Undergrad: 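I am attaching a structure below and will ask some questions about it afterwards.
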There are 2 protein chains.
Amino acid sequence: MATDRPLTAKGLATRARIVAAAADLVFHRGAAQVALADVQAAADVSGSQLYHYFTDRDDLLRAVAVHRAAELVANQGPVDTLPALRAWVEANIALIAADNAAGGCRLGSLVPQLAETDPQTRATLSTAFHDWIAHLAAGLTTMTATGVLPPTADPHRLATLLVAALEGGILLAQAQRDITPMRTALEAALDHIASLATSP
Amino acid sequence: MATDRPLTAKGLATRARIVAAAADLVFHRGAAQVALADVQAAADVSGSQLYHYFTDRDDLLRAVAVHRAAELVANQGPVDTLPALRAWVEANIALIAADNAAGGCRLGSLVPQLAETDPQTRATLSTAFHDWIAHLAAGLTTMTATGVLPPTADPHRLATLLVAALEGGILLAQAQRDITPMRTALEAALDHIASLATSP
DNA sequence: ATTTTTCTGGGTTGCTCACCCCAATACGGT
DNA sequence: ACCGTATTGGGGTGAGCAACCCAGAAAAAT
């Protein structure tokens with residue numbers, strides 16, 4: 001019976017260790033290839049501990065999605081100038097290139113793997129993407145206010161293009177084990193935004 | 001022992017029925033949730049028949065990837081004018097919208113599910129995407145030749161943007177069960193291409 | 001210091017699954 | 001019609017897995 005009470009600091013640390021271990025395994029192998037015994041070994045916990053903190057396998061995978069969404073939020077910086085936007089692109093490319101796109105996107109690759117199985121996980125992912133697009137749109141809105149982009153530019157439209165190009169680019173890179181399609185797609189998206197920019 | 005000899009027409013039909021059934025189940029449930037017994041039931045074959053045609057589970061999933069890639073090729077029409085490109089976008093949106101994005105992209109969603117498990121399946125998917133981008137790039141190249149797009153336009157860059165926006169858009173739509181992000185991403189990509197067009 | 005609560009340890013269970021065996025039937029070629 | 005090959009049928013096996021049990025140790029509360 002998974003615990004519903006507030007956890008002590010120690011319990012929180014153990015739980016977090018389990019989620020981090022699971023997230024790492026899911027990233028490297030794909031969710032279907034990760035047995036709970038693998039997570040136990042990686043986190044150095046017993047089966048009882050695992051079930052102390054999580055109701056079942058799906059509960060753990062939900063926690064992985066939450067973990068990845070929280071990671072994304074933690075790594076968000078302001079993206080309210082074109083140089084900041086380019087830096088955002090480069091940081092994402094560098095992150096994926098470090099593994100030669102193996103494992104794909106830590107957040108995005110969870111969608112095809114878990115969305116059809118667990119509505120709660122899908123909801124978590126849905127919210128994460130919604131918020132991510134909103135965050136980028138806020139930055140682009142700032143750029144319309146500062147005159148970098150014209151008032152006719154649609155920040156939400158552009159932010160959606162950026163996130164879609166990013167996720168689609170990562171998926172192509174994962175298939176091809178080559179960062180180039182990700183870079184190409186994002187550069188083309190930046191081309192579009194730059195073409196709308198009002199100052200050189 | 002799966003058969004390596006040429007199959008009779010009847011054998012080919014049975015094998016195709018199995019692959020189609022598997023592809024359908026993988027699309028609706030995700031690969032990890034599809035047991036071989038499910039495929040057997042859906043294709044109305046026994047376990048022996050399944051192993052007569054396929055070495056093992058991975059062999060069958062490879063065949064699913066090949067099937068999906070072939071489907072994509074069969075559905076390709078020329079995309080060498082802006083109206084044809086818009087029609088391509090609308091057809092893809094309609095296809096995904098028909099299921100409210102459940103199951104995601106029939107081809108693209110296989111990448112996060114299978115690419116880390118089976119190098120052969122990943123190679124199949126890699127080739128499929130490479131060829132798809134090449135096909136779109138060929139159409140865009142025609143547009144530079146006909147003067148629709150300027151000679152400075154890079155067809156491969158634009159084609160990569162289109163496929164990435166499509167796949168990323170579908171992934172967002174799958175998470176959110178809403179076709180809007182897919183449409184938004186693709187429309188923004190079309191905006192960019194239209195902004196390069198030399199004729200009104 | 002004692003009691004209560006939380007966390008951890010070390011297994012077991014039985015179900016599901018992928019895979020495989022043996023045999024029968026159907027089909028194609030001569 | 002007969003023979004060889006291809007296809008199909010009807011199971012069985014055991015490994016791996018998720019889930020769970022019982023009990024003890026550690027930590028927190030009184």
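From a predicted model like this one, the values you see are computed outputs, not experimental measurements. Residue numbers begin at 1 in each chain, while the letters A, B, ... track the order of the sequences.
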Undergrad: Is any NZ, NE, NH1 or NH2 atom of the basic residue among A/E187 and A/R86 found under 4.0 Å from an Asp or Glu carboxylate oxygen of the other?
TA: no
Undergrad: Mind calculating the distance between CD (B/Q40) and P (C/dT16) to the nearest angstrom?
TA: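 For the pair B/Q40 CD and C/dT16 P, the rounded distance is 15 Å.
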Undergrad: Given the ring of B/Y53, does B/R15 sit roughly above its face, with NZ or CZ under 6.0 Å from the centre of the six-membered ring and within 45° of the axis?
TA: no
Undergrad: Any donor-acceptor pair under 3.5 Å linking the side chain of A/R122 with the backbone of A/E116?
TA: no
Undergrad: Main chain of B/D59, side chain of B/D56: is a donor-acceptor contact present, judged purely on distance under 3.5 Å?
TA: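 Looks like yes, one N/O pair under 3.5 Å.
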Undergrad: Can you tell me the distance, in whole Å, between the CG atom of B/L12 and the P atom of C/dG28?
TA: 13 Å
Undergrad: If the sugar-phosphate is the primed atoms plus P, OP1 and OP2 and the base is the rest, what is the B/S/- string for nucleotides 17-30 of chain D, using protein heavy atoms under 4.0 Å?
TA: SSBBB----SS---
Undergrad: Write down the distance between CG (B/D59) and C1' (C/dC19), rounded to a whole number of angstrom.
TA: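 It is 13 Å, rounded to the nearest whole Å.
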Undergrad: So with a 6.0 Å cut-off around NE2 of A/H130, is the heavy-atom count from everything else above 12?
TA: no
Undergrad: Would you kindly give the CG-to-C1' distance between B/L7 and D/dT5, to the nearest whole Å?
TA: 13 Å
Undergrad: Measure from CZ on B/R17 to C1' on D/dT8 and round the result to the nearest Å.
TA: 10 Å
Undergrad: Can you tell me how far P of C/dA18 sits from CG of B/L50, to the nearest Å?
TA: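 For the pair B/L50 CG and C/dA18 P, the rounded distance is 9 Å.
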Undergrad: Grab the OH-P distance between B/Y53 and D/dG9 for me, whole Å please.
TA: 10 Å
Undergrad: OG of A/S109 to CG of A/L171: how many Å apart, nearest 0.5 Å?
TA: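 Reported to 0.5 Å precision, the distance equals 9.0 Å.
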Undergrad: Compare side-chain N and O positions of A/H52 against OP1 and OP2 of C/dT8 and report whether any pair is under 4.0 Å apart.
TA: no
